Amino acid sequence: MAQTPIRTPLERICKAETPARADVEDVLRREDERDCAELFAFADQVRRQYMGDGILLRGIVEFSNHCRNTCLYCGLHRNNHKLERYHLTAGQVLDSVSLIASQNIKTVVLQSGEDDDLDAGWLADLIAEVKSRHDLAVTLSVGEWPTEVYRMWRQAGADRYLLKIETSDPGLYAAHHPGMSFENRLRCLDDLEALGYQVGSGCLVGLRGQTAASLAGDIEFLAKRDFDMIGIGTFIPHPMTELGAQAVGNVRMTLKVLALTRIVTRDSHLPATTALGSIGPGDGRIPALQVGANVLMPSFTPLPYRRLYDIYPGKRCVTESPGSCAGCLESMVTGIGRFLDYSRGDSLKGRRCHALCELKSS
Ligand code: SF4
C-alpha cells in the first residue's frame with residue numbers, strides 16, 4: 001500500500017493539542033529525501049511564523065566541571081579520573097559575565113556539573129552580584145537540587161533554569177543514569193516551574209537502546225510540558241565513558257526530532273546545540289537553524305578551562321578566545337538570511353507573571 005504524503009501526518013501533528021504518537025513515529029521513520037525536505041521546510045515555516053528571523057544569543061560560563069554523577073554519555077562523570085577538574089572563582093565568573101555584557105548579549109548561562117562542593121549560598125551571592133552589575137537575564141544549568149535551594153537562587157534573581165530530561169522513557173533514563181531517579185528529575189522540573197523560572201529541558205538523540213518510538217515519546221513529553229526552552233542534542237561517544245565504543249548519534253534523526261519539536265511547541269526557544277555543531281564536515285548548527293532552531297549559545301568560559309568542560313570530544317570553539325564569536329556567528333547567520341537578535345529573548349509562553357508576582361510578594 002502506498003504511504004500517505006508526509007503532509008497528512010504533519011498537518012495532524014501541527015493542529016493537535018498533543019500530537020498522536022503514531023503520527024510522530026511515522027514522520028521520524030521516513031527516510032525519503034523529499035519527505036525529510038518537506039518536514040524541514042514545514043518546521044522552518046512554523047519557526048518563522050512564531051519566532052521571526054532573529055537568532056538569540058546566550059553566553060555560557062562553565063564555572064565548574066566537578067560532578068557527583070555517572071551519566072553514561074558524559075565525560076564529566078565522577079569516575080573519569082583522567083580529567084583535570086576546576087572551579088572558577090567568583091571573580092573569574094564576573095569577568096566572563098562582563099565580557100558577555102560588553103558584547104551586548106543579554107543572557108548569561110551559568111553552568112556546571114552537579115558539583116557536591118557547590119555552595120548554594122555562594123551561587124546565590126554570585127547571581128545577585130551579576131544582577132546588580134548588569135541588565136542581564138541569568139540562566140542556571142547546575143542540575144538537581146532541593147526545592148529550597150531552587151527558591152534561594154530564584155529569590156537571588158535567577159530568571160531561567162535548564163535541566164534536560166535527556167529521555168522521557170523511564171527505562172532508558174534508568175539505564176543511562178546510575179543512582180539517579182527519573183521521578184526526582186520530574187520533581188525538579190515541577191519545582192522550577194512552580195517557582196516561576198523560565199524552564200528549559202530537552203533530549204539526547206542516539207542513546208543506546210533508543211528507538212523511533214521512544215523519541216516519539218520524547219516529543220510527546222516536550223509537547224505536553226510546553227517548556228520555554230528545549231535543547232535537542234546528538235549523542236557523541238566520549239572515550240572515557242561506558243558508551244565510548246557506541247556510534248555517534250544520527251544527525252538526520254536529530255534534525256527530524258528538532259523539526260518536530262518546533263512544530264509541536266511552536267514558540268519555545270530552541271538552540272542549535274554545540275553538539276550538533278561539533279559533528280560532521282560543516283557546522284551542524286546551520287542546518288539546525290534551518291529546521292526550527294532560533295538560539296545560539298557561544299561559550300565565554302575562560303580559555304584555559306574551556307577544553308576541560310569535556311562532556312564529549314571534538315567540541316567546537318574550544319580554542320577561540322572568549323568574545324571572538326560575534327563576527328563568526330554574524331557571518332554564519334547572515335549566510336542563511338537571518339540576523340543576530342540582541343534582545344533578552346524571554347519566554348514567549350506568557351504564563352510566568354503570576355508565579356513571579358507571588359514570589360516577590362512572599
Ligand atoms: S551529564 Fe551532567 S550530571 Fe551527568 S555526569 Fe555529566 S555533568 Fe554530571
Side-chain angles (χ1 to χ4, degrees), residues 40 43-44 47-48 50-63 93 95-111 134-139 141 160 162 200 202 228-234 236 251 254-255 258-259 261-262 268-303 305-307 309 311-312 314-348:
F40 296 153
D44 199 40
R47 186 271 309 156
R48 189 172 305 116
Y50 287 91
M51 316 305 284
D53 283 338
I55 294 173
L56 296 161
L57 295 173
R58 323 293 202 195
I60 305 187
V61 184
E62 294 143 333
F63 65 89
V93 176
D95 286 348
S96 299
V97 173
S98 294
L99 192 55
I100 291 169
S102 74
Q103 305 258 321
N104 209 21
I105 295 174
K106 303 286 193 321
T107 295
V108 56
V109 182
L110 300 178
Q111 187 166 65
H134 305 285
D135 181 18
L136 284 176
V138 172
T139 303
S141 174
R160 308 177 189 148
L162 304 178
D228 303 292
M229 307 160 285
I230 298 168
I232 306 296
T234 310
I236 302 176
V251 172
T254 309
L255 293 175
L258 175 60
T261 302
R262 166 58 68 208
S268 297
H269 291 301
L270 309 185
T273 59
T274 309
L276 254 178
S278 303
I279 314 171
D283 186 332
R285 290 177 297 179
I286 296 172
L289 291 168
Q290 294 172 308
V291 303
N294 70 312
V295 175
L296 287 167
M297 302 179 74
S299 174
F300 284 76
T301 305
L303 266 189
Y305 305 102
R306 206 182 302 170
R307 69 179 175 81
Y309 206 79
I311 293 179
Y312 52 82
K315 205 172 181 183
R316 66 176 302 113
C317 305
V318 290
T319 55
E320 284 76 2
S321 68
S324 67
C325 293
C328 167
L329 297 180
E330 185 83 50
S331 63
M332 182 207 293
V333 305
T334 50
I336 54 169
R338 308 272 285 280
F339 63 92
L340 293 180
D341 177 348
Y342 285 91
S343 61
R344 263 172 64 115
D346 280 307
S347 172
L348 299 178

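Just so you know, these numbers come straight off a predicted model, no measurement behind them. Position 1 is the first residue of the sequence; numbering continues from there.
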Shortest non-hydrogen separation from [X] to [Y] and the atoms involved:
X      : Y      : result
His134 : Ala101 : ND1-CB, 3.5 Å
Ile100 : Ile60  : CD1-N, 4.5 Å
Ser331 : Cys328 : OG-O, 3.1 Å
Ser268 : Ile230 : OG-CD1, 3.9 Å
Ala272 : Ala293 : N-CB, 3.7 Å
Leu289 : Arg338 : O-NH1, 2.7 Å

Listed by chain and number, what are the side chain to side chain contact (heavy atoms under 4.5 Å, CB included) partners of [X], not counting sequence neighbours?
X      : value
Leu56  : Arg58, His269, Asn294, Val295, Asp341, Ser343
Ala275 : Ile236, Thr273, Tyr312
Thr254 : Val205, Ile232, Thr234, Leu276
Asp95  : none

Could you measure the distance from the [atom1] atom of [X] to the [atom2] atom of [Y]? Nearest 0.5 Å is fine.
X      : Y      : atom1 : atom2 : answer
Thr139 : Met229 : OG1   : CE    : 5.5 Å
Leu270 : Met51  : CG    : CE    : 7.0 Å
Phe63  : Leu110 : CZ    : CG    : 6.0 Å
Phe300 : Ser102 : CZ    : OG    : 7.5 Å

Checklist entry - What's the verdict on side-chain contact (heavy atoms from CB on, under 4.5 Å) for Val109 and Met297, showing C-alpha distance, side-chain angles and the deciding distance? => result CA-CA 9 Å; Val109 182; Met297 302 179 74; 3.9 Å; yes
Checklist entry - Are more than 12 heavy atoms from other residues, nucleotides or ligands located less than 6.0 Å from atom CG of Asp135? => result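 Atom CG in Asp135 is not packed in, count stays at 12 or less.
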Checklist entry - Could you give all pairs that pass the salt bridge (Lys or Arg N to Asp or Glu O under 4.0 Å) test and reach residues 96-105, with sequence neighbours left out? => result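 Passing the test, one end in residues 96-105: no pairs.
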Item to check | Pairs satisfying salt bridge (Lys or Arg N to Asp or Glu O under 4.0 Å), at least one member in residues 277-295, at least two apart | outcome: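 Residue pairs with at least one partner in residues 277-295: Asp283-Arg285, Asp283-Arg316.
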With side chains defined as the heavy atoms from C-beta onward, is the minimum distance between [X] and [Y] less than 4.5 Å?
X      : Y      : answer
Leu329 : Ile55  : no
Thr301 : Gln111 : no
Leu136 : Arg344 : no

Checklist entry - Would Arg262 and Asp44 pass as an ion pair if we require N to O under 4.0 Å? => result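 Salt bridge absent between Arg262 and Asp44.
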Item to check | Working for side-chain contact (heavy atoms from CB on, under 4.5 Å), residues Arg160 and Thr107 | outcome: CA-CA 10 Å; Arg160 308 177 189 148; Thr107 295; 2.9 Å; yes
Checklist entry - Can you check whether Tyr342's main-chain N or O pairs, donor with acceptor, with Lys106's side chain at less than 3.5 Å? => result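 At least one qualifying donor-acceptor pair exists.
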